Amino acid sequence: MKYKIPRGTQDILPEQSKKWQYIEKKAHDLCKRYNYQEIRTPVFEQTELFARGVGDTTDIVQKEMYTFEDRGGRSLTLRPEGTASAVRSFVENKMHGWANQPVKLYYIGPMFRYERPQSGRMRQFVQLGVEAMGSDDPAIDAEVIGLAMDFYRELGLTNLKLVINSLGDKESRTNHRNALIEHFKPRITEFCSDCQARLEKNPLRILDCKVDRDHELMESAPSILDYLNDDSKAYFAKVQKFLHDMNIAFEVDATLVRGLDYYNNTAFEIMIDGEGFGAITTLTGGGRYNGLVEEIGGPTTPGIGFALSLERLLMALETQGVVLPIEQGLDAYLVTMGDEAKNAAPKLLHKLRGEGLTVDGDYMDKKMKGQMKTADRQNADFVLILGEEELSKNSVMIKTMETGHQELVPMDEVVDRIKK
RNA sequence: GCGGUUGUGGCGAAGUGGUUAACGCACCGGAUUGUGAUUCCGGCACUCGUGGGUUCAAUUCCCAUCAGCCGCCCCA
């Protein structure tokens, strides 16, 4: 084969795209109920936006971006995530001046990261992202988390685990980070090579290392929760109270770290339990990013949001055997015999479709038997048989496929007959 | 960026250094000249991911490369 799909991408074929349409519609409906409005931004942005927004020490920026130069010499990047774009648009369109605050936005669209593909990780993948900017009320943290949980719940997913943590403000984070380095550094050689690399890069990650989980220094390591200042502590307590009030189960994990630089205070992940799901169990990641709008050039504005992958959602639905209520099949299939009937087909099909019916007919010049077989395969409720006999009586033979019963119906009663 | 594993028709899957590359499913045609099941009969791979090498001869051996899958890192 001469041409192949690019690595880490996929064609979503009709059988799958039905599911996509279903979950996308669910997302739109749910966001509407929560009063979040859709925003559509370009799939590429100035490279600098991501370097600045996502953080130039992150893996995403350092080694995963699709960056290219356009003919005008501008450095552009296919978006690796959606928050930076949403914030850019917030600032550029001066949304901080909008009458309704906070500004509550969502988007669904493809993101791009240059990584080695594996289960649940593609180079092009689709995220549903939700962002609320302008409020630092802990109630909106709970709202955003609740939206994500509702989305999964309404689609029928079970065995979900909500994990939350507080990363504190910038000062708390720096202090904690230094404490961690001090804690591990003297004996870092006792740890795996990954952890040794993590020490300077991201010491927090040492805490959830699978290799060294039983090392005695793990238990005694300083917890971020002990480094929160009073405001951060009170804020985190409020978020937990609201989640509790909303009857949303969660657990606090002081080792939960998010990989993007912009997070502070509330951080959360929604994970899935269960066999056969592969190594990647995080379905949703999100958190608060109070410094980001300012970083991008806007006024000081708090924000919180999350992103979830639709591919991973579909995988989860698949492994849990959730069947989505997707309609399929035709209302009717038109079978014709003879040239005269064949010539009358377009007019009849067009009329039926104009009445809102899902119908199809033969374009492969098949014999009657073949046409019947096609109708059966396509799950048609009715077969409309049109031959010389029917034409001469200005009628159509309507066969109910399930029962096999059939009767001759005058042409102008066909629509009513099928609709009921 | 690193590691493991796989690559034969639309799909699944055998196979061998040398004559027509099994079989199953699907599909197409016929038996049934106006009817979807089943059954029976027939059809359906100038070719074994791609490129190169070894050989009289390669789908089979060697090398490279690309891709899929799984994992590490990281992330949604």
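It should be emphasised that the depicted structure is a prediction, and the values quoted were computed from it without experimental measurement. Here is how names work: the chains are called A, B, and so on, in the same order as the sequence lines, proteins then strands, and each is numbered from 1.
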Determine whether a donor-acceptor pair (one donor, one acceptor, N or O, separation below 3.5 Å) exists between the side chain of A:Q406 and the base of B:rU35.
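Looking at the base of B:rU35, it does pair with a donor or acceptor on the side chain of A:Q406 (distance under 3.5 Å).
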Under 3.5 Å, is there an N or O donor on one side and an acceptor on the other linking the side chain of A:K399 and the base of B:rG36?
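Yes.
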Please state how far atom [atom1] in [X] lies from atom [atom2] in [N], giving the value in whole angstrom units.
X	N	atom1	atom2	value
A:Q124	B:rA76	CD	P	17 Å
A:M397	B:rG36	CE	P	15 Å
A:I206	B:rC73	CD1	P	13 Å
A:D376	B:rC27	CG	P	11 Å

Using the [atom1] atom in both, what is the distance from [N] to [M], to the nearest Å?
N	M	atom1	result
B:rG52	B:rU47	P	15 Å
B:rA14	B:rC25	C1'	15 Å
B:rU19	B:rA26	P	32 Å
B:rA37	B:rU50	C1'	45 Å
B:rC2	B:rU59	P	31 Å
B:rA21	B:rC40	P	27 Å
B:rG30	B:rU8	C1'	31 Å
B:rC44	B:rG9	C1'	9 Å

How is [X] classified with respect to the nucleic acid when contacts are heavy atoms under 4.0 Å: base, sugar-phosphate, or nothing?
X	answer
A:E269	nothing
A:E389	base
A:R7	sugar-phosphate
A:M111	nothing
A:G129	nothing
A:A375	nothing
A:I385	base
A:G404	base
A:G8	sugar-phosphate

Phosphate contact ([N] OP1 or OP2) by [X] side-chain N/O below 4.0 Å:
X	N	answer
A:K367	B:rG30	yes
A:Q118	B:rC70	no
A:S119	B:rC70	yes
A:K366	B:rC28	yes
A:K369	B:rG36	yes
A:R377	B:rC28	yes

With the side chain of [X] defined as its heavy atoms from C-beta on, choose the nearest nucleotide among [options].
X	options	result
A:K4	B:rA76, B:rC66, B:rG34	B:rC66
A:P117	B:rA76, B:rA37, B:rC69	B:rC69
A:T282	B:rA76, B:rC66, B:rC28	B:rA76

Could you give the distance from CG (A:L30) to CZ (A:R153), rounded to the nearest 0.5 Å?
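If I round to the nearest 0.5 Å, the distance is 9.0 Å.
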Mark yes when over 12 heavy atoms from residues, nucleotides or ligands other than [X] sit less than 6.0 Å from its [atom1]; otherwise mark no.
X	atom1	value
A:K18	NZ	yes
A:E38	CD	yes
A:Q62	CD	yes

Residue met sooner reading RNA chain B from 5', once A:Q127 and A:P6 are mapped to nucleotides
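In this pair, the answer is A:P6.
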Check the interface with nucleotides 41-43 of chain B: list each N/O to N/O pair with the protein under 3.5 Å, or write none.
none

Compare every heavy atom of A:K26 with every heavy atom of A:L155, then report the nearest pair and how far apart it is.
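Nearest pair, atom of A:L155 first, then A:K26: CD2-CG, 3.9 Å.
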Will you find, in the side chains of A:D169 and A:S172, an N or O donor that is under 3.5 Å from an N or O acceptor?
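Yes, because at least one side-chain N or O of A:D169 sits under 3.5 Å from a partner of the opposite role on A:S172.
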Residues A:Q124 and A:T9: side-chain donor-acceptor under 3.5 angstrom:
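No, because no side-chain N or O of A:Q124 sits under 3.5 Å from a partner of the opposite role on A:T9.
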Can you tell me which residue among A:N265, A:T266, A:N264 is in a side chain to side chain donor-acceptor pair (under 3.5 Å) with A:S232?
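Of the listed options, the one satisfying the test is A:N265.
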With under 30° as parallel and over 60° as perpendicular, where do the rings of A:Y227 and A:H176 fit, or are they tilted in between?
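If you compare the ring of A:Y227 with that of A:H176, the planes turn out tilted.
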Given protein heavy atoms under 4.0 Å, the one-letter contact record of nucleotides 1-6 of chain B, with B base, S sugar-phosphate only and - none, is simply BBB---
